[in-house]
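When a ligand or atom number is given, it counts from 1 through the structure's own listing order. Because only heavy atoms are used, hydrogens play no part in the values below, and waters and symmetry mates are left out as well, while side chains stay in.
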Amino acid sequence: MFQEISIAPSILSADFMNLERDIRTIEEGGAGYVHVDVMDGHFVPNITIGVPHVKQLKRIAGIPLDVHLMISNPLEQLPWFLDAGADMVTVHAEVLEGQWINRAIDLIHDAGAKACIALKPNTPADVLVSVIGELDMVLVMSVEPGFSGQGYIEGSEDKVAAVARMAREAGNDALLIEVDGGIGVKTVERVCAAGADVIVCGNAVYAADDPKAAIAQIAQLGNAARLAAIEGGALR
Ligand code: DX5
Ligand code: ZN
């Protein structure tokens, strides 16, 4: 059966003084997740939000929280975010050498959450070869992490295709591939044709005149591109 893509609007582009209203808007618009960008001013230049916000968001959100940790010390911080109620937790491969990547996945799974590893634009997909079978999701960054509203890095869809291939070879048919950065009506089709399942949108949703219509349009374009790729034999 055709599996539709999900849209995960990033609240980094929302109105922080009206966050509950902005979360209701995306829920009503059919979003699949609330994408929560946590930045520590060290792994990335920017500082955003942390554990107390995730705790409060969990109380009001009716859809799962997709928490993207752009932080240098995820192993120390993971228990806090898991305790705060993160449903899907993403940690970056660049700060988890060797066995520490397995440790992070185990910590997330032991708390009953879903585990995702993110790759910065210059990190190759094959760093995940030993763990891809255990992951629920892989996040392919299509901008350098740190800020919303940047332009999509051309060719990022090739890494999406590489992750999809690796997942197939590992027999992980349930793996989701998320793409984050610079995605909107102009770029969603190419990532969905390459195998993206979850589309993060910051500016494309929250800077739109009608965020609900923007979600619907991005989803429609992405689903059509995905269907065409399946029918053409490029995707399963
Ligand atoms: C970037 C963040 C993204 C970002 C997306 O470091 O991880 O989630 O806010 O915003 P847009 O869609 O505007 O690029
Ligand atoms: Zn993000």
Atom indices of ligand 1, in the order listed, that fall short of 4.0 Å to a heavy atom of Gly202: 10 (O), 11 (P), 12 (O), 13 (O)
Non-hydrogen side-chain atoms of Ile63 and Val34 separated by less than 4.5 Å: yes
Between CD1 on residue Ile47 and CE on residue Met39, distance to nearest 0.5 Å: 11.0 Å
Contact check: Asp37 vs ligand 1, nitrogen or oxygen atoms, below 3.5 angstrom: yes
Proximal atoms of ligand 1 relative to His68 (non-hydrogen, under 4.0 Å): 7 (O)
Under 4.0 Å to a heavy atom of Pro145 - the qualifying atoms of ligand 1, by number: 6 (O)
Worked verdict on Arg21 versus Asp15 for salt bridge (Lys or Arg N to Asp or Glu O under 4.0 Å): CA-CA 9 Å; Arg21 178 201 67 191; Asp15 177 352; 3.6 Å; yes
Side chains of His68 and Thr90, donor plus acceptor under 3.5 Å: no
Side chain proximity check, Leu119 to His92, heavy atoms < 4.5 angstrom: no
Atoms in ligand 1 with a heavy atom of Gly149 nearer than 4.0 Å: 11 (P), 13 (O), 14 (O)
Closest contact, heavy atoms only, Ala225 versus Cys192: CB-CB, 4.4 Å
Backbone of Val140 reached by a side-chain donor or acceptor of Asp180 within 3.5 Å: no
Greater than 12 external heavy atoms within 6.0 Å of Lys120's NZ: yes
Residue, atom name and distance, where the atom is the protein heavy atom closest to atom 5 (C) of ligand 1: Asp180 OD1, 3.5 Å
Ligand-side contact atoms (ligand 1) for residue partner Gly182, heavy atom cut-off under 4.0 Å: 11 (P), 12 (O), 14 (O)
Side chain to side chain donor-acceptor pair (under 3.5 Å) partners of Glu134, counting only residues at least two apart: none
Ligand 1-proximal atoms of Leu12, by part, heavy-atom distance under 4.0 Å: side chain
Protein heavy-atom partner closest to atom 10 (O) of ligand 1 - residue, atom, separation in Å: Ser148 CB, 3.4 Å
Asn203-Ser13 side chain donor-acceptor pair, cut-off 3.5 Å: yes
Those atoms of ligand 1 less than 4.0 Å from some heavy atom in Gly181: 14 (O)
Any side-chain donor near an acceptor of the partner, Asp136 and His109, under 3.5 Å: yes
Within-4.5 Å side-chain heavy-atom neighbours: Leu128 and Ile101: yes
Heavy atom of the protein closest to atom 6 (O) of ligand 1 (residue, atom name, distance): Gly146 N, 2.7 Å
Interfacing atoms of ligand 1 (cut-off 4.0 Å, heavy-atom, Phe147): 1 (C), 6 (O)
Test of proximity, Glu144 against ligand 1: N or O pairs below 3.5 Å: no
Distance below 2.8 Å from the Zn ion (ligand 2): protein N/O/S atoms: His35 NE2, Asp37 OD1, His68 ND1, Asp180 OD2
Atoms in ligand 1 flagged as close to His35, the criterion being non-hydrogen separation under 4.0 Å: 8 (O)
Verdict with supporting geometry, Arg226 and Asp197, salt bridge (Lys or Arg N to Asp or Glu O under 4.0 Å): CA-CA 9 Å; Arg226 182 187 181 106; Asp197 305 282; 3.0 Å; yes
